[in-house]
Each structure stands twice: as C-alpha cells, then as structure tokens.
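The chains referred to below are lettered A, B, ... by the order of the sequence lines, with proteins before strands, and numbering in each begins at 1.
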There are 2 protein chains.
Amino acid sequence: MTTGEQGVPPLDPSELGAYFVLTEAVSLLQYQVEQQLRAEGGISYVQFQLLARLAHLDGPLTMTELADGVVYSRSGLTYQAGLLEKAGLVTRGPSPEDDRVTLVAVTADGRALVERVLPGHVQVIRRLLFDPLTDDDLHHVADIMTRVRDHMRTQPPRSAAPRRSRNSPSA
Amino acid sequence: MTTGEQGVPPLDPSELGAYFVLTEAVSLLQYQVEQQLRAEGGISYVQFQLLARLAHLDGPLTMTELADGVVYSRSGLTYQAGLLEKAGLVTRGPSPEDDRVTLVAVTADGRALVERVLPGHVQVIRRLLFDPLTDDDLHHVADIMTRVRDHMRTQPPRSAAPRRSRNSPSA
DNA sequence: TCCATGTGCTTCGAAGTTGAAGCACATGGA
DNA sequence: TCCATGTGCTTCAACTTCGAAGCACATGGA
C-alpha cells in the first residue's frame, strides 16, 4: 500500500531497538578495547585480532583466510600485514602448495605481545561486557550470536564477494 | 600504565568465545548494512545513523550530542556534517543559547532519504539478524545489550575524552 | 601444449577517521 | 572588569580503509 514493494514487513520498533542497542553496545565496547590495546601494546584492535587468531590457531594462514576471519578487506590486510611484518610480529612466506599464496605466521615476538596484552584485554571485556551479565545471559548471547554468525557466514564472505560469476545466475 | 599483574581472573574460554562471536557477527552485519545503504541511498552507515537519529528525535542536536550518540569522534563528525550539509540533508546553525554551539537539524530531503532507505535497511537486518532468531531470542538480546549499553554509558563518553589540563601532566 | 578463466595477493588513488592543536565563546572568581 | 580556565567546534597532518585494477600463478579443456 504505502510502497510499491511487495512483502516488506512493517517496522517493528522492538526489533529496530534490539538492533540499535546491539550495535551501539558493540561500538562502545570496541572503542574501550581499542584504547586498552593501544595503551598497553601499541597495537590496534585489528592488529590484535590478527595476532590473536594466528597465535590461537597455531599455524600459518593465508592472507585470504586471515582477512575473512576478521571481516576485513584484502587490501587492508596487505597493509596491516606489512606493518606487522615490519614490526617483527609476523612473517610472510610462500606456500609450498600454491605459489600464489602468502602464508602468514606469528613470530615469538608476536606471541609475546599477545600474551602481554591479553590480561588487560580480558579485564576490559570483563568489566564492560560481563559484569552486568549473569552466566545465563552470557550463554544466551553466545548461543544467539553464534547462530546469527553462522547464518551470515552462509553468505559469500566479505573479501571475496565482488568477483563475478560464482553462483550468480544473472551473468 | 597499569601493571595488571595481580588479581587478573583466569581466562574463561567460553567468555572469550562469546565476546568474539558477538563482535564478529556485528562486523558481518554492519558490512552488509553498509552495502545496502550505499546501493540504495548513496550514504554510509555513519551518515545513515546521523540522519536517522536526527529524524527520530525530531529536534536539532549539538555536534557533541550527535557525536556521542553514534559513538564517533568530534572531528569526524565535523567532516560528515560538512558532507551532509553540502548534500542538503542537514543544516547547521548557531544556538541562541550558546554561541559556541552548532545545532544540526535534518532537512526535508534528509528525512525523505531516511524514509526511502529504511525499508531496505530493515529487510537486511531482518534477513541477517532476525531470521535465525525466535522472538524470545530477540527479547533476550535487546534486554541483555541494553544492560551492557547502560553499564558502559556510565563511563565518560568517547568524544569527551578527558582533555589534558595545560599545566598538569598526567601522573 | 596452449589458452581461457579463476584465484591470491598487491598496488594505487580516493575517501574516511583520528587526536592534537587552535580558535572562539562561556563562566566564575578576584 | 579582567583574566584563568573550561567547553564546543574546526582545522590539520598522519594514518587507515576500501574497491578497482593489475600481476602472477593455477586449473582444466581443446
């Protein structure tokens, strides 16, 4: 009626509210996290994510895997990987399997940095995110957001999206 | 700089996991939202947030209020407000109360743009965020994140970060 | 083998974001 | 009134981020 579109559901204020408060809370949290990481480790949140992921998985990742893992553009990752390599926190090397691939691995210094920064990082998260929540809340959030994440991950990943004719029926 | 050595609670993998999946899901969601807004309205997510906030509150806001509302730096808001003003979507004017203040108000064009992109915006959120969730989940998320947001809002807001006093170096 | 096409990564230019510094006005006490 | 200090906003330079284009290698069919 109001628009030509068919089947656009009416706006539900409680839904919009849930979405807004979700993004607002995460923004606030990430800002505080960024401050802590910068102060205690001299790194950005993205850099911490990259190092933590490499340290946690304990094996080299390709640039694409790393970019998709942290929801980041490929060119942006090239830039950040360059910074981290220059700082001696990661190494980049060729893959024996595929000459196109660059494998990124965390160095001992990189691991040490993650270890050094992680306690403060956890403290910030605990203070800002977990303190006002019960254990039940926590499990709810984890469960719910895992479903949302998995649901969205069925869409083509961010950094690989724009290339044509993968499963596009219009080409 | 804090030492952070004593009294740091042990790491709880389920807590860290909840935090990681929360930020990852929000990152994925925001990326998709950004694409929709760019495609249908030619605006960024930040610009949409600013316009939506002004349209919703239905009254002018100061630059600082607007920046705090969307968790954004003040200088960044100066830049974005300039873009929006040039595009005719907002106006900036003086405050009768305080000559230092710039009041930002949404124009009719700005309102129209919000109205135009909102249905698609809601569709994206519904498809990515709400589809895999029950009504119960939704209320849980809204309730939980509201508590988290309110908890964090008791901290000093982002853009009003303590300004270093001219004569007193931080101890 | 050769070539067409797909994939992994980097380079490049443009645009966005930030904190610090700076300007202008506000406020309150001497 | 005068001035010290606080607050609101903008400017500035440095950095970050992105997508498009480009290069190199991979893969599979003719």
Side-chain angles (χ1 to χ4, degrees), chain A residues 27 30-31 34-35 38-39 42-47 49-50 60-68 70-87 92-104 156-168 171, chain B residues 27 30-31 34-35 38-39 42-50 60-68 70-87 92-104 156-170:
Chain A
S27 287
Q30 289 193 335
Y31 176 71
E34 185 93 32
Q35 299 306 108
R38 181 65 67 192
I43 56 175
S44 67
Y45 180 56
V46 176
Q47 292 170 335
Q49 279 185 302
L50 296 172
L61 288 176
T62 71
M63 295 290 282
T64 295
E65 288 167 343
L66 207 43
D68 288 348
V70 301
V71 192
Y72 203 64
S73 75
R74 297 182 185 214
S75 56
L77 181 59
T78 295
Y79 176 77
Q80 286 296 343
L83 292 184
L84 292 174
E85 189 177 39
K86 199 183 307 181
R92 277 187 290 188
S95 163
E97 311 274 314
D98 188 329
D99 277 356
R100 294 169 299 178
V101 164
T102 296
L103 289 177
V104 185
R158 155 175 223 185
S159 61
R163 272 188 201 193
R164 263 172 221 153
S165 80
R166 183 111 186 241
N167 44 5
S168 154
Chain B
S27 287
Q30 288 193 335
Y31 176 71
E34 186 92 33
Q35 300 306 109
R38 181 65 66 192
I43 55 175
S44 67
Y45 180 57
V46 176
Q47 291 169 335
F48 171 75
Q49 280 185 300
L50 296 172
L61 288 176
T62 71
M63 295 290 281
T64 294
E65 288 166 343
L66 206 44
D68 288 348
V70 300
V71 191
Y72 203 65
S73 74
R74 297 182 185 212
S75 56
L77 181 58
T78 295
Y79 177 76
Q80 287 296 344
L83 293 183
L84 292 174
E85 188 177 41
K86 200 182 307 180
R92 278 188 288 189
S95 163
E97 310 274 314
D98 187 330
D99 277 357
R100 295 168 301 176
V101 164
T102 297
L103 289 178
V104 185
R158 159 175 221 185
S159 61
R163 203 181 277 199
R164 228 155 276 250
S165 173
R166 229 171 274 176
N167 302 337
S168 60
S170 65

Review point. Which whole-number value in Å describes the distance from Leu50(B) CG to dT17(C) C1'?
Key: 13 Å
Review point. Taking CG from Leu61(B) and P from dC9(D), how many angstroms apart are they, rounded to a whole number?
Key: 10 Å
Point to revise | Any Arg92(B) side-chain nitrogen or oxygen under 4.0 Å from OP1 or OP2 of dT10(D) | key: yes
Check your understanding: Can you find a side chain N or O atom of Gln47(A) that sits less than 4.0 Å from OP1 or OP2 on dT16(D)?
Key -> no
Practice item. Please report, rounded to the nearest Å, how far the P atom of dC9(D) is from the CD atom of Glu85(B). Key: 14 Å
Exercise for review: List in chain and number order the residues that pass side chain to side chain donor-acceptor pair (under 3.5 Å) with Asp98(A), two or more places apart in sequence or in another chain; answer none if no residue qualifies.
Suggested key: Arg100(A)
Revision key, fill the gap. Leu77(A) CG to dT11(C) C1', in whole Å, measures 14 Å
Check your understanding: Atom CG of Asp98(A) and atom P of dT27(D): how far apart are they, to the nearest Å?
Key -> 6 Å
Check your understanding: Going by distance alone, is a donor N or O of one side chain under 3.5 Å from an acceptor N or O of the other, for Ser44(B) and Arg38(B)?
Key -> no
Review point. When you match Asp99(A) and Gly76(A) each to their closest nucleotide on DNA chain D, which lands nearer the 5' end?
Key: Gly76(A)
Exercise for review: Would you confirm whether Glu65(B), through its side chain, and Thr62(B), through its main-chain N or O, come within 3.5 Å as a donor-acceptor pair?
Suggested key: yes
Practice item. Look at the side chain of Tyr72(A) and decide which nucleotide, out of dC18(D), dC9(D), dA26(C), has an atom nearest to it. Key: dC18(D)
Exercise for review: Give one of base, sugar-phosphate or nothing for Thr102(B), where a contact means two heavy atoms less than 4.0 Å apart.
Suggested key: sugar-phosphate
Practice item. Ignoring hydrogens and angles, answer whether the base of dG8(D) and the side-chain atoms of Thr62(B) contain a donor-acceptor pair closer than 3.5 Å. Key: no
Practice item. Look at all strands and tell whether Arg38(A) reaches a base, only sugar-phosphate, or nothing, counting heavy atoms closer than 4.0 Å. Key: nothing
Review point. Rounded to whole angstroms, how far apart are CZ on Arg74(A) and C1' on dC12(C)?
Key: 18 Å
Review point. Taking N and O atoms by type only, does the side chain of Thr64(B) place a donor or acceptor under 3.5 Å from a partner on the base of dG8(D)?
Key: no
Review point. Hey, which of these two, Gln35(A) or Met63(A), hits DNA chain C nearer its 5' end, going by closest nucleotide?
Key: Met63(A)
Review point. Pairing of DNA chain C as dot-bracket, 5' to 3': ( ) intra-strand, [ ] crossing, | other strand, . unpaired, with Watson-Crick or G-U pairs under 3.5 Å?
Key: ||||||||||||||||||||||||||||||
Review point. Ser73(B) has a side chain; which of dA26(C), dG19(C), dT10(D) sits nearest to it?
Key: dG19(C)
**Study point:** With Tyr45(B) via ring-ring contact (aromatic ring centres under 6.0 Å, His included) - residues at least two apart
**Key:** none
Revision key, fill the gap. When every non-hydrogen atom of Leu103(A) is compared with those of Pro94(A), the smallest separation belongs to CD1-O, 4.1 Å
Exercise for review: For Arg100(A) and for Leu83(A), locate the closest nucleotide of DNA chain D by heavy-atom distance; then report the residue assigned to the nucleotide nearer the 5' terminus.
Suggested key: Leu83(A)
Exercise for review: Pick base, sugar-phosphate or nothing for Leu103(B), based on heavy-atom distances below 4.0 Å to the nucleic acid.
Suggested key: nothing
Check your understanding: Rounded to whole angstroms, how far apart are OH on Tyr79(A) and C1' on dC15(D)?
Key -> 5 Å
Point to revise | Interatomic distance, Glu65(A) CD vs dT7(C) P [rounded to whole Å] | key: 15 Å
Practice item. Scan Leu84(A), Leu77(A), Leu66(A) and name whichever one has a side chain to side chain contact (heavy atoms under 4.5 Å, CB included) with Val104(A). Key: Leu66(A)
Point to revise | Side-chain heavy-atom pair Met63(B), Arg74(B) within 4.5 angstrom cut-off | key: no
Check your understanding: So which heavy atom on Arg92(A) is nearest to which on Thr78(A), and how close?
Key -> NH1-O, 3.9 Å
**Study point:** Closest listed nucleotide, where the reference is the side chain of Thr78(A) and the choices are dT18(C), dC25(C), dT11(C)
**Key:** dT11(C)
